[in-house]
A.B. asks: 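I'd like to ask some things about the structure below.
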Protein chains: 2
Amino acid sequence: MTQKPASSDQPVEILRLDNQLCFALYGAANRMTRLYRPMLDALGLTYPQYLAMLVLWEASPRTVGALGEALDLDSSTLTPLLKRLEAGGLVTRDRDPEDERRVIVSLTDQGRALRDQAVSIPEKLFCALDMPLDAVGALRDRLKVLAK
Amino acid sequence: MTQKPASSDQPVEILRLDNQLCFALYGAANRMTRLYRPMLDALGLTYPQYLAMLVLWEASPRTVGALGEALDLDSSTLTPLLKRLEAGGLVTRDRDPEDERRVIVSLTDQGRALRDQAVSIPEKLFCALDMPLDAVGALRDRLKVLAK
DNA sequence: TGAAATCATATCGCGCACGATTAAATCGTT
DNA sequence: AACGATTTAATCGTGCGCGATATGATTTCA
């Protein structure tokens, strides 16, 4: 009754174990965007748009390629996202006169101004996490190693 | 020259710090699905479909709601996904005669058989990660806590 | 110089995620 | 039995992610 078929017992355990890391990552990422959503709604941003703005707030005129490298995203993902930011008046997109293959993305005044409303988000999120600061840092570093 | 405006210095640091955990999570999750993709292509599964199959391989007849709880996903995500698995001949979807609101998802023989091809994936991925087993476990546990 | 290779971005199609809404079945209370 | 509340799944619209492909600009080098 408590016997299990010998051939399928081991595989099931492996699959179950595997479930853990990749699924934990998947679930945590989903949860994180859900946690951000209400705060970002107030700014009119989605989570990936917020990440793009973070990068631009650090250094404003950037090519699509540079943004893609910073975010680890393809142009097929970024181009429509940037067009939406442009439609929202947060950025401009212009061909680089030096090299017409490139498109330069720049913050508008409105885009720069949005940063002042964004600064409250990190602390709100940190409180919501309810996790010691160094634990957050350690987790972050491990994830960075993972994404090598 | 090296002076920065006092009003914007602190916010920038906070935004940069914040970038780290949430973005590390976001990036690691994207990387993970990219890592799985070639292996899953061989099985004809996407990454979320693979997760759904993992759950079903653990216990086969499950309602849509039970799957959603296990995966932390909504019916609006699961229903189309399950229809694709059904179209692929891996599962069946039938109304529960006991309670017609529920839909029961069951593995087909083909769906059960696919598990044999899936068992090789976890070890391949573990090798690709190049991370000690206990570190993987620790990271997984931290992520689970995060997704509380 | 001019054809070919390379590079930067855009386009298209598919499959998630999820909020909002809808529809149908069941339950609870009277 | 009746009817409002709850439960369960499906539907719809928007916005990612990304593989495959296309387009146009630049560089290479024969």
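Reminder, nothing fancy here: chain letters follow the sequence lines and each chain counts from 1.
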A.B. asks: Quick one: does B/Tyr50's side chain get under 4.5 Å of A/Leu15's, heavy atoms only?
C.D. replies: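 Yes. Closest side-chain heavy atoms under 4.5 Å.
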A.B. asks: Could you report the tightest heavy-atom contact between B/Leu114 and B/Leu45, atom names first, then the distance?
C.D. replies: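 Closest approach of B/Leu114 to B/Leu45: CD2-CD1, 3.7 Å.
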A.B. asks: Hey, where on DNA chain C does chain A first and last touch, going 5' to 3'? Cut-off is any atom under 4.0 Å from a heavy atom.
C.D. replies: C/dC7 to C/dG19
A.B. asks: Between A/Arg37 (side chain) and A/Thr46 (backbone), is there a donor-acceptor pair under 3.5 Å?
C.D. replies: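 Checking the backbone N and O of A/Thr46 against the side chain of A/Arg37, no donor-acceptor pair under 3.5 Å is found.
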A.B. asks: Can you pull out the residues from residues 37-47 of chain B that lie within a 4.0 Å heavy-atom distance of DNA chain C?
C.D. replies: B/Thr46
A.B. asks: Set out, in order, the CA-CA distance, both residues' side-chain angles and the distance that settles side chain to side chain contact (heavy atoms under 4.5 Å, CB included) for B/Leu107 and B/Met53, then state yes or no.
C.D. replies: CA-CA 9 Å; B/Leu107 285 174; B/Met53 291 300 288; 3.7 Å; yes
A.B. asks: Do the side chain of A/Thr33 and the main chain of A/Tyr47 share a donor and acceptor less than 3.5 angstrom apart?
C.D. replies: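 A pair under 3.5 Å: no.
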A.B. asks: Report the C-alpha separation of B/Arg93 and B/Glu86 in whole Å, then their side-chain angles, then the decisive distance to 0.1 Å, and conclude whether the salt bridge (charged side-chain N to carboxylate O under 4.0 Å, His left out) test is met.
C.D. replies: CA-CA 7 Å; B/Arg93 300 183 324 118; B/Glu86 185 183 33; 3.1 Å; yes
A.B. asks: Which is the 5'-most and which the 3'-most nucleotide of DNA chain D that has an atom under 4.0 Å from a heavy atom of chain B?
C.D. replies: D/dT7 to D/dG19
A.B. asks: Is A/Arg93 touching bases, backbone alone, or none of the nucleic acid, heavy atoms closer than 4.0 Å?
C.D. replies: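 A/Arg93: backbone/sugar contact only, no base atoms under 4.0 Å.
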A.B. asks: Is there a donor-acceptor pair closer than 3.5 Å between any side-chain N or O of A/Thr108 and the backbone N or O of A/Gly89?
C.D. replies: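 Yes, because the side chain of A/Thr108 sits within donor-acceptor range (under 3.5 Å) of the backbone of A/Gly89.
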A.B. asks: Are the side chains of A/Val64 and A/Arg102 in contact, using a 4.5 Å heavy-atom criterion?
C.D. replies: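 With C-beta onward as the side chain, the pair stays apart.
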A.B. asks: To the nearest 0.5 Å, how far apart are CE in A/Met131 and CG in A/Leu139?
C.D. replies: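 One gets 5.5 Å once the value is rounded to the nearest 0.5 Å.
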A.B. asks: Donor-acceptor pair, B/Ser75 side chain versus B/Leu78 backbone, under 3.5 Å?
C.D. replies: no
A.B. asks: Would the distance check show the side chain of B/Glu69 and the main-chain N or O of B/Ala66 forming a donor-acceptor pair, the cut-off being under 3.5 Å?
C.D. replies: no
A.B. asks: Excluding sequence neighbours, so at least two apart, what forms side chain to side chain contact (heavy atoms under 4.5 Å, CB included) with B/Ile104?
C.D. replies: B/Pro61, B/Asp96, B/Ser106
A.B. asks: With heavy-atom distances below 4.5 Å as the criterion, would you say the side chains of B/Asp94 and B/Val105 are in contact?
C.D. replies: no
A.B. asks: Just by distance, do the side chain of B/Trp57 and the backbone of B/Ala52 share a donor-acceptor pair under 3.5 Å?
C.D. replies: no
A.B. asks: Kindly state which residues belonging to residues 94-107 of chain A come within less than 4.0 angstrom of DNA chain C, counting heavy atoms of the residue only, listed by number.
C.D. replies: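 Here the set is A/Arg95, A/Arg101, A/Arg102, A/Val103.
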A.B. asks: Mind running a 4.0 Å heavy-atom check of residues 76-85 of chain A against DNA chain D and sending the residues that fall below it, in number order?
C.D. replies: A/Ser76, A/Thr77, A/Leu81, A/Arg84
A.B. asks: Got a salt bridge between A/Asp134 and A/Arg140, using NZ or NE/NH1/NH2 to carboxylate O under 4.0 Å?
C.D. replies: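 So A/Asp134 does not pair with A/Arg140 through a salt bridge.
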